[in-house]
Amino acid sequence: MATATAPPPEAPDRPVSKEEQPYVEVGKKRHTGVKLLAVLAVWLVLYAILKGHDTRSLGLQDTTGFHDWLNRVRDWVQLHGPDNWFFGGVLGFIGDVFNSVFAHLQKLFSIPAFPRPVPQIGWFGVVAIAAWITWAVAGIRSTILVTVSMLLFGIFGLWQDSIDLLLVTILAVAVCFLIGLPTGIAMARTRWVSTVVTPILDIAQTLPPFAYLAPVALGFGIGPTTAIVLTIIYALPPLVRITEYGIRAVPQTTIEAARSLGLTKGQLLRQVQLPMAKRSIVVGINQSMMAALSMATIAALVNGPGLGKDVNAALQIQNVGQASVAGLLIVLMAIMLDRTTTAASERSESQGRSGLVSVSGPGVLLMGVMVEKLPRWATEDAGKGVRHPRLTGAGRWTIRALWLVPVLVAVYLSRSQLDLARFPDRTVWPFLEPIDGTSVTKLINDFSSWFIDKVDTFTLALKNDVTAWLINPFQNLLAQSPWWVMGLVILALAYVLGGWRPAVTSAICLAVIFGVGLWNDSMVTLAMTLIATVLVMVVAVVLGVGMGRSRRTDTIIRPFLDAFQTIPPFVYLVPALALFGVGRFTAIMAALAYAVPIATKLVADGIRGVAPTTVEAARASGSTTRQMITKVQLPMAREALVLATNQGLLYVLSMVVIGGLVGGGSLGYIVVSGFSQDQLFGKGLAAGIAITAMGVMLDRIARHAAARTGR
Amino acid sequence: MARGLIRGRTRLVAIVASVGLGLAGLAGCGSGSIKNSDAGSASGKQCGDLRIAVNPWTGYVANAHVIGYVAKTKLGCNVTYPDVKEEVGWQGMASGSIDTIVENWGHPDLVKKYIDEQKTVEDAGLTGGKGIIGWYVPPWMAQKYPDITDWKNLNKYASLFKTSESGGKGQLLDGDPSYVTNDEALVKNLNLNYKVVVGGSEAGLIQSFKTAEKNKTPLLAYFYEPQWFFSEMKLVHVNLPAHKAGCDAVAAKVNCDYPPYDLNKLIATKFAKSGSPAVDLVKKFQWSNDDQNLVAKYIAADGMSPDDAAKKWIDANPDKVQAWLG
């Protein structure tokens with residue numbers, strides 16, 4: 001099977017007793033369909049009678065007691081923070097440390113180190129160092145990729161911000177590693193740690209970053225530290241989860257064998273578990289980097305250094321081209337870091353064993369560990385057989401050390417020659433003119449206005465029809481039903497689909513949503529989330545089946561998926577607005593752009609993973625292509641489909657706030673307004689909490705429903 | 001894994017590296033070596049750091065970079081431009097990570113909290129800019145329906161503005177959530193058959209106006225001046241009942257147009273007491289809407305970098321700049 005799907009190891013996770021297992025009895029008819037219809041019928045009747053009553057809607061500027069209480073907490077921190085031992089002392093100290101470390105790094109690599117008009121090490125030296133490191137840890141293919149990428153940073157005229165972003169990412173990931181590795185190990189070895197930490201990770205991954213932007217800025221001030229802390233909050237969970245998974249995945253037999261040799265716990269960890277989990281840990285670092293990069297534009301809202309600033313500045317003046325250039329460089333950086341760490345992890349494995357994974361985008365969400373596998377042709381060792389080293393380890397390191405000499409020469413030159421210190425633009429190197437940032441910006445702007453001009457009457461009409469015939473009725477059904485009807489309906493659905501466990505979780509989550517005072521807005525958001533998820537799956541199945549069945553289709557589509565998964569959504573907000581206008585449909589489209597790639601890749605993996613013998617057998621018995629897809633490949637890839645739906649749902653949810661920027665309204669808009677209006681701080685935070693509660697609820701229902709239908 | 005074929009790979013690396021070094025040599029010939037910049041400032045007083053908050057609209061960027069450019073070149077300050085939203089900027093001045101905000105739109109709640117109560121922020125005088133907030137329609141609508149600029153006729157045209165977002169009523173599009181807005185109360189108190197739809201961002205507003213003008217579709221939306229977009233499209237203001245003192249005292253009962261704003265500057269108390277020469281510069285800085293629109297146009301429409309745009313304006317207006325420094 002091509003998907004390296006690894007649900008969290010069940011056994012050590014929770015106590016193994018009959019009561020604790022999801023209630024599953026093979027063979028018994030559940031009549032799920034009939035029950036669902038019954039719930040739906042009751043719901044529709046109640047909606048028709050009680051429409052518009054008890055909807056718990058709240059005006060845009062209105063707040064509840066809970067929101068005001070949060071405001072007062074904020075005011076207290078603001079006023080007394082600097083003198084408080086925790087806010088002023090601990091957080092202040094952390095802030096100072098990060099700020100000064102980062103300022104030193106910047107002077108070394110990216111900004112003028114006064115009194116020098118340029119950084120200590122110019123671009124030429126930085127490229128040489130990066131190339132050498134990549135070559136030493138990953139291999140020549142990665143070296144070329146890294147070198148070309150870094151040259152493009154300069155050619156597009158964004159050298160300083162690119163290096164700043166790289167520094168923030170590396171610094172944040174280094175901290176994640178220092179915190180995440182011990183945490184992951186502790187979680188793998190001690191059950192209660194895992195029980196305590198897992199929900200925290202869930203929250204860190206579903207709470208929209210916009211919601212904790214203001215609080216973090218409050219604690220750490222405005223500057224690099226806040227950006228780094230935001231990035232760490234978002235990038236830490238994948239690393240912790242994958243580390244835990246990697247250590248747990250060491251086969252029990254191996255551990256038994258090691259124990260029987262008399263290894264202590266410490267020896268077991270250092271000599272058996274960590275070496276065997278090394279590869280997973282590298283994958284964790286890779287994931288952490290991808291998550292860190294996806295925070296670039298958001299961190300830039302509180303003055304985080306890096307390419308996010310350029311994207312946001314371009315958005316202000318509606319310059320799609322400029323935003324795209326900066327956005328594409330972020331994608332390029334993601335690809336460069338992804339392929340390099342992947343290649344490094346492949347090399348760290350003893351030779352000959354087949355590669356596990358490559359990942360792009362934040363592929364780890366609540367489901368535990370889910371890692372996507374690249375087709376073999378796209379990996380570092382494509383087309384090469386098993387190779388045998390001709391040098392000893394010491395020999396290799398000698399060669400690497402020798403290559404340090406030209407690197408040092410490059411660094412020296414970049415310190416003394418102006419053109420090697422500051423990346424030349426077209427006035428210095430005229431041959432850059434057709435390919436530099438200005439030209440590419442113009443090209444993209446011309447293309448996008450041409451394209452928008454051609455299709456916008458059609459797309460605007462499409463938006464109006466879909467909104468009127470699909471979004472409005474569905475939203476009314478959810479948001480105009482009395483809150484208690486909706487609550488009961490959701491509980492009933494949770495019970496019918498997944499049993500009593502998700503029903504209990506749902507009850508808690510609904511109580512939270514009700515308690516924070518944003519019931520009506522939550523239902524609007526829920527309606528949009530569900531519609532978006534259905535659309536995501538429709539697109540994902542169509543594309544995924546095509547990719548799974550044909551390698552050529554895969555080759556063509558995959559780069560687009562990679563790009564959409566990593567490009568900051570801010571980049572395509574302006575084109576999306578031009579195509580679809582302001583409204584909920586546009587918000588749904590933005591969610592689609594972000595969630596379709598991951599879902600498609602998972603579906604494609606699933607289709608590719610159907611056993612060739614089965615496919616052969618079906619073909620031999622004369623099934624048509626259509627029958628092959630609907631009767632054989634899709635049913636056999638059911639597990640992948642379920643996984644894709646769950647991931648798609650969570651990705652859609654993570655776009656709720658972005659949706660709020662393009663007319664999505666409801667919770668997303670409230671989160672944004674909480675970040676920008678003093679008196680709405682509490683309400684925004686409450687909306688963030690509501691989104692998290694909704695995410696946990698939907699995830700649990702989907703997971704338990706999947707566990708039932710999966711057998 | 002990629003361990004074998006050392007010889008082949010080494011050769012490749014050697015080629016790449018020598019090509020690279022060759023290029024370096026060539027480039028090195030043409031370029032001069034690096035000279036340290038003259039240390040210290042031109043004037044006698046040491047300026048040190050100046051951290052000008054940059055709020056997310058282009059007119060503001062124009063103010064910030066013109067002041068910043070003067071501070072850097074004439075006073076020798078080390079100027080940085082933290083990108084923050086308005087509210088975060090105030091917060092930053094209170095906590096000491098920002099020195100000044102150079103275009104402030106009212107914000108009576110923040111004035112009360114930070115200037116009157118906490119005393120962490122001070123008023124630093126007017127920018128000379130006049131802010132107008134209100135409801136606007138694209139130019140083609142004002143031409144076709146000349147009487148639409150009077151609010152009393154808005155209900156007559158409500159059906160024109162109906163969209164799939166507005167639930168049977170006319171749509172009034174609002175923008176970025178950080179904008180000062182009374183629109184929900186206005187619609188209610190003026191008995192307008194409209195629904196406020198939240199666009200969520202300035203990009204959403206501008207793009208909506210562009211589309212509306214291009215396709216000749218109706219649009220009524222919240223907007224403000226001074227704004228660079230006016231250099232591209234002359235939006236037409238819809239007159240609400242004139243603003244009278246006190247008519248907007250209670251947020252829920254507002255029934256009049258937005259007051260004209262005299263935009264001002266703010267300065268962190270801590271910074272004001274630091275004795276930096278930049279304090280005077282910020283306090284004395286003043287210009288007009290036209291000046292700001294010009295610089296904003298250089299940035300937004302002509303694609304210049306903010307610093308280049310500031311330099312261009314400063315070079316063309318030495319007398320105005322001199323007045324700020326005197």
Side-chain angles (χ1 to χ4, degrees), chain A residues 59-61 78-79 115-118 124 135 139-140 217-218 221-223 300 302-303 309 315-318 346-347 349 351 380-381 387-391 399 406 413 416-421 456-457 464 467-468 573-574 577-578 581-583 660-663 665 669 672-673 676-679, chain B residues 1-6 9-10 12-13 17 21 24 27-28 30-34 36-37 39 56-58 82-88 91-92 94-95 97-98 109-110 113 118 163-165 173 176-178 184 196-204 206-208 211 215 228 251 299-300 303:
Chain A
L60 280 181
Q61 301 285 329
Q78 219 164 37
L79 205 56
R116 287 167 61 82
V118 290
F124 192 68
W135 175 67
I140 193 70
L218 192 63
I222 295 147
V302 284
N303 198 35
K309 281 174 105 91
L315 189 63
Q316 249 175 59
I317 56 171
Q318 305 260 305
E346 275 165 5
R347 178 185 278 199
E349 194 75 355
Q351 48 145 354
E380 174 87 11
D381 51 15
R387 286 167 298 174
H388 300 283
R390 300 182 185 183
L391 282 172
I399 290 184
L413 285 174
S416 56
Q417 301 294 319
L418 191 59
D419 281 351
L420 297 183
D456 70 342
T457 25
N464 283 331
T467 309
L573 286 194
V574 171
L577 284 166
V582 167
L661 295 173
V662 291
Y669 180 84
V672 182
S673 59
S676 30
Q677 276 197 36
D678 193 61
Q679 77 282 10
Chain B
M1 174 140 313
R3 279 179 182 175
L5 300 179
I6 288 292
R9 188 208 297 153
T10 313
L12 188 52
V13 173
L21 282 179
S31 66
S33 60
I34 296 167
N36 284 350
S37 58
W57 60 88
T58 310
D83 285 317
V84 288
K85 289 215 169 196
E86 295 157 271
E87 143 75 2
V88 184
Q91 192 178 299
S95 67
S97 51
I98 279 174
D109 51 332
L110 297 173
K113 181 166 157 188
Q118 294 189 5
T163 69
S164 50
E165 298 295 312
L173 189 63
D176 188 297
S178 54
E184 271 194 334
V196 176
V197 171
V198 288
S201 60
E202 183 164 304
I206 294 180
Q207 189 57 55
S208 300
T211 311
N215 298 343
W228 66 268
I299 300 170

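Letters A, B, ... mirror the listed sequences (proteins, then strands); counts begin at 1.
Counting heavy-atom pairs under 4.5 Å between each of Thr457(A), Leu315(A), Leu573(A), Asp456(A) and chain B puts Asp456(A) at the top. Note: Gly660(A) leads Gly581(A), Gly660(A), Gly665(A) in heavy-atom pairs under 4.5 Å with chain B. Contact tally against chain A (heavy-atom pairs below 4.5 Å) for Ser97(B), Gly303(B), Gly199(B), Ser201(B): the top residue is Gly199(B). The residue among Gln118(B), Lys113(B), Glu86(B) with the most heavy atom pairs within less than 4.5 Å of chain A is Lys113(B).
Proximity of Thr467(A) to Glu165(B): side-chain heavy atoms (C-beta onward) are separated by under 4.5 Å at one or more points. Residues Gln318(A) and Trp228(B) are in side-chain contact: their nearest non-hydrogen atoms beyond the backbone lie under 4.5 Å apart.
Neither the backbone nor the side chain of Ala94(B) has a heavy atom closer than 4.5 Å to any heavy atom of chain A. Heavy atoms of Thr211(B) lying under 4.5 Å from chain A belong exclusively to its side chain. Both the backbone and the side chain of Ile206(B) come within contact range of chain A, with heavy atoms under 4.5 Å apart.
The minimum heavy-atom distance linking Val582(A) with Gly204(B) is given by the pair CG2-O, 3.6 Å. Of all non-hydrogen atoms in Gln316(A) and Pro56(B), the two that sit nearest each other are NE2-CA, 3.2 Å. Ser673(A) and Pro177(B) get closest at one heavy-atom pair: CB-CB, 3.3 Å.
At least one donor-acceptor pair closer than 3.5 Å links the side chain of Asn303(A) to the backbone N or O of Asp83(B).
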